[in-house]
Amino acid sequence: MASGNTQSPSARAVVEGFKNGLSRQTVLSLGACVHCGMCNDSCHYYLATGDPQMTPAAKTDKVRKLYKRHVDWLGRVAPAWVGGATLRTDEDLQALQDVVYGSCTMCRRCTLSCPFGVDTALIMRTARGLLTAQGFAPEGVKVVSKDQWEIGNQMGVSKEDYLETLDWLQDELRGDVGDPEAMIPIDKEGAHVLFLVNPREIKYAPMSLLAAAKIFYAAGEDWTMPSVGWDNTNFGLFSGDNKLGAHMGKLAYDQARKLGIGKVVISECGHGFRATKWEAPNWAKEDLPFPMESFLETMVEYVNTGRLTLDPTANPRPVTYHDPCNLARSAGITEEPRFLLKRSCLDFREMTPNRQENFCCTGGGGAMSMSEYAQRRLQVARVKADQIRATGAESVATACHNCIDGLSDLIKHYELKVPVRNVCEYVADALVLPAPAIARDALIPTGLRGKRVLVIDDDPDTVVYLTTLFEDQGLDTVSAHNAAEGMTAARTAQPDLITLDISMPGRSGADVFAKLRSDEVLARIPVVIVTGAIDFRELMYRRNVPPPDGYVAKPIDPELLLMTLRKVLEVRHREGVGSGEGAAV
Amino acid sequence: MPIEVSRFTEVLMDQAQLVALAIMAAVYLLKIRWILNHAAASERTPARGDHGKAIRYSYATLAMPWELPSTRRHWFHYLEFAFFHIAVAVAILVTFVMPYWPRLLSGRDMVDLLQIVFAVGLLAAASRLTRRIGTPAMRAVSSPDDYFSLLMLGTWFAAAILAAPQASEPALIAFFGLTAFFLVYVPFSKISHYIYWPFIRYYTGKHFGHRGVYPAKSVPRHA
């Protein structure tokens, strides 16, 4: 804390760091802005709110004032004349945090609109880095960064869970393609492709990884996944922490070197691709001996070389594509997804604007982990919602897991009722494969039969729907209609799994979840959040208690829900599948 | 015909300008050196696109308003920008020509042309100032330097209109007095943005070219 002319130690450290750590590009972006206003309506925050403080220039000025006060020649003499000011208190730092983390997704749309090319994201990231170093960052960013430092992935997935999940996915793959020899190889030395994924694919959304495995299988690829260094995401990009950025890059690069692979392929994750391919080599100061590409590029190559045959009638409904900022504006990948979707879907519709001019999903820059700013995120998502609605599409494809989460939230909020999936999922649906030689049931006996599920939901229709769906799969069900009933049932019925609604009258599902996780006995029961609310992301990222084992959004996709249940129950109940025995090592 | 001017005005139009120009050049040299003293970030991953092409494209966007979403959408602002800066360039040229080759600018048609250019520049400055004062989003980002720079440039255009016929010594004093002031003030003010422009467009082109984003791919046009 500081008052009067004194400066808090944190504020002093931020100011000193700012004065001494600017790159040439940052200095140019700070110095060149003439406040012409041409960037104003490039920003979804400003377009949706009309708030003059939400223009890119106004937001960067919150950082630029430091430049004007401490670096600019005239500003050092007459700061007020040029809009210069310093940071004095921790409250000032908190206010700056709210701007650089809470009102900019670093999407760079304004940069491509600026007649100078002022790189707002660069300015924001510079400020984020200085603030983060002093402990000023959203809680979710801190938690995830800590997990990346300590565990090596952003969702805190243990090596055992990771390997067991891959083992389970390998069974799913075998069941889907009807081939008991189909594999998800791990740590295969000399493989042509090393595949890196987003932990979301391991922890919560294995559909895209299963789709990728099917595509590798169909293409006859010699591929592998690493047992460590598999997380392609990088919160260093969001937090401005170059050391974390370098650390995450090195984890993957070291594994690629060790295995002697031909190339690194990065799954459909916008920031993961950007960070792993483009940014982390700079942070780690490494020139890498192997090429890196997006899975989108890999799939295009398979189609072009005849290794994949696609049947677009598998996806007959109208589909549109959302260009992730990190792919379109920071990595030049715009045509590959269109190439694939036009060959995998009968009715592909462009979103307007698109490619490098597309609007942000609102989940970029780490926004999905910042529950503090969730309401603002949904407010400004109106721009994106209008864009999607105007296409008339019945589903949305994208190539980024952050975008999937961001779009899912806004789709719920604005009641658009369209599912969002990765491009590879559409491609996998359209794969022309030989008819399965062996039926799925013969290959993978379901792990659901006989298990007991407790359904906690205040909506009677949902309870009936879920219990019927589960009982059809041979599950035993118990239900509860509010938090109190749910807690009692959890103790008395001893379920193998709980599906939990978040929005319930009285005590919320989040409270129930925290109570379950804090109870010595009940904490062992896996919980899958089934909700129409977005509050559950706080449970995933803040992690005051261990995060949920799965989540499924309402309206419920029954296939996805059952897959999530299978994953949670089957992976959890595998015995003897430890670190040495993953999938096909 | 240009009028005979006093010794004071002569000095103001010639030696004073040269001194002010020398100050400006010295400050700009220091500024460029200062910019270059900051280490430039570079890329280690091999390029996806063509640097040279992208850098040329980056510079060329200045004259291709259809390429940037902002100038495509706000074409009136682009025209305003163009006329404003053309007027600035012509006024600067006049300050060099008038003291040494006054007869080059003495024809009636030439004077009319210059006055039209300066008048359009003045209108553009007035429009920009009005927008800066009248629009909440513009007001929110404007510093005293932003207002002052526009106001002074507008005044300079007005003085240029009066000075163009070279028939009024007070007008010449106002025009060259303001010019000398600008030459000294500009390197410290926001007006010095043009010294940043070649650098930032270079790095913008290089960066986005390296990543394969520039030159921009064909995008369906939209408002």
Side-chain angles (χ1 to χ4, degrees), chain A residues 22-29 31-42 46 50 52-53 55 57-58 61 68 73-74 80-83 109 111-119 277-278 281-282 285-288 291-292 328-335 350 352-357, chain B residues 27 31 34-36 38-46 48-49 58 61-62 68-71 73-74 77 81 128 131-132 135-146 148 187-193 196-197 199-201 203-205 207-208 210-213 216-220 222:
Chain A
L22 298 176
S23 71
R24 189 178 302 165
Q25 284 90 337
T26 317
V27 161
L28 290 168
S29 279
C33 179
V34 290
H35 299 139
C36 68
M38 294 298 272
C39 59
N40 289 357
D41 52 16
S42 65
Y46 176 66
Q53 296 302 327
T55 64
D61 268 8
K68 294 289 186 186
W73 295 351
L74 181 56
W81 184 251
V82 294
R109 193 168 190 270
T111 299
L112 293 186
S113 269
C114 175
F116 280 85
V118 167
D119 195 342
K277 172 161 179 168
W278 294 108
N282 302 333
K285 298 183 172 50
E286 288 199 29
D287 297 312
L288 299 169
M292 290 184 276
R329 280 191 280 273
S330 289
I333 292 185
T334 54
E335 303 316 301
E350 281 291 3
T352 304
N354 54 56
R355 295 178 171 83
Q356 67 271 21
E357 294 184 16
Chain B
V27 177
K31 195 155 205 166
W34 176 82
I35 290 170
L36 296 176
H38 290 85
S42 58
E43 301 263 18
R44 286 178 180 262
T45 304
R48 177 182 166 89
S58 177
T61 54
L62 178 71
L68 299 186
S70 54
T71 45
R73 190 177 170 90
H74 300 290
H77 294 174
F81 149 83
R128 289 175 147 208
R131 190 164 59 250
R132 193 169 286 285
T135 314
M138 294 297 290
R139 220 166 36 236
V141 294
S142 298
S143 67
D145 185 33
D146 289 312
F148 180 73
F188 299 99
S189 80
K190 69 165 280 189
I191 306 174
S192 66
H193 61 276
Y196 291 95
W197 188 83
F199 292 99
I200 193 166
R201 285 316 296 179
Y203 285 111
T204 300
H207 172 74
F208 285 117
H210 191 87
R211 304 282 178 97
V213 178
K217 292 179 185 70
S218 149
V219 177
H222 42 81

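Labels below follow one simple rule: chain letters A, B, ... track the order of the sequence lines, proteins then strands, and each chain is numbered from 1.
Looking at B:S70, both its backbone and its side chain come within 4.5 Å of chain A, counting heavy atoms on both sides. With a threshold of 4.5 angstrom between heavy atoms, B:Y203 approaches chain A through side-chain atoms but not through N, CA, C or O. Heavy atoms closer than 4.5 Å to chain A are found in the backbone of B:A39, but not in its side chain. Heavy atoms closer than 4.5 Å to chain A are found in both the backbone and the side chain of B:H210. Residue contact with chain A, scored on non-hydrogen atoms closer than 4.5 Å, is absent for B:L62. Contact annotation for B:S42: only backbone heavy atoms (N, CA, C, O) come within less than 4.5 Å of a heavy atom of chain A. Of the two parts of B:R132, only the side chain, counted from C-beta on, holds a non-hydrogen atom closer than 4.5 Å to a non-hydrogen atom of chain A. The part of B:P46 that comes within reach of chain A is its backbone (N, CA, C, O), which places non-hydrogen atoms under 4.5 angstrom from that chain.
Residue with the most contacts toward chain B among A:G37, A:S330, A:A58, A:C39: A:S330 (heavy-atom pairs, distance under 4.5 Å). In terms of heavy-atom pairs under 4.5 Å with chain A, the best-connected choice from B:I191, B:L68, B:T135, B:T61 is B:L68. Of all the listed residues (B:V27, B:T204, B:T45), the one sharing the greatest number of non-hydrogen pairs under 4.5 Å with chain A is B:T45. When each of B:R128, B:M138, B:R48, B:E43 is scored by its heavy-atom pairs under 4.5 Å with chain A, the top score falls to B:R48. Of the listed residues (A:K68, A:R329, A:M292, A:Q53), the one with the most heavy-atom contacts under 4.5 Å to chain B is A:R329.
Under a 3.5 Å cut-off, the side chain of B:R201 and the backbone N or O of B:S58 do form a donor-acceptor pair.
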inquiry  = Would B:D146 and B:S143 count as a side-chain contact (heavy atoms from CB on, under 4.5 Å) here? Give the steps.
reply    = CA-CA 5 Å; B:D146 289 312; B:S143 67; 3.2 Å; yes

Full working for side-chain contact (heavy atoms from CB on, under 4.5 Å) between A:L112 and B:F208 = CA-CA 10 Å; A:L112 293 186; B:F208 285 117; 3.8 Å; yes

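No side-chain donor from either of B:H207 and A:D119 sits under 3.5 Å from a side-chain acceptor of the other. A:S42 and A:R109 share no side-chain donor-acceptor pair at under 3.5 Å.
Looking at every heavy atom in both residues, A:N282 comes nearest to B:R44 through OD1-N, 2.8 Å.
Below 30°, between 30° and 60°, or above 60°: for B:W34 and B:H38 the angle between ring planes is above 60°, a perpendicular geometry.
Annotation: salt bridge (charged side-chain N to carboxylate O under 4.0 Å, His left out) contacts of B:K31 (sequence neighbours excluded): none.
Within the 4.5 Å cutoff, the side chain of A:F116 has heavy atoms near those of the A:V34 side chain.
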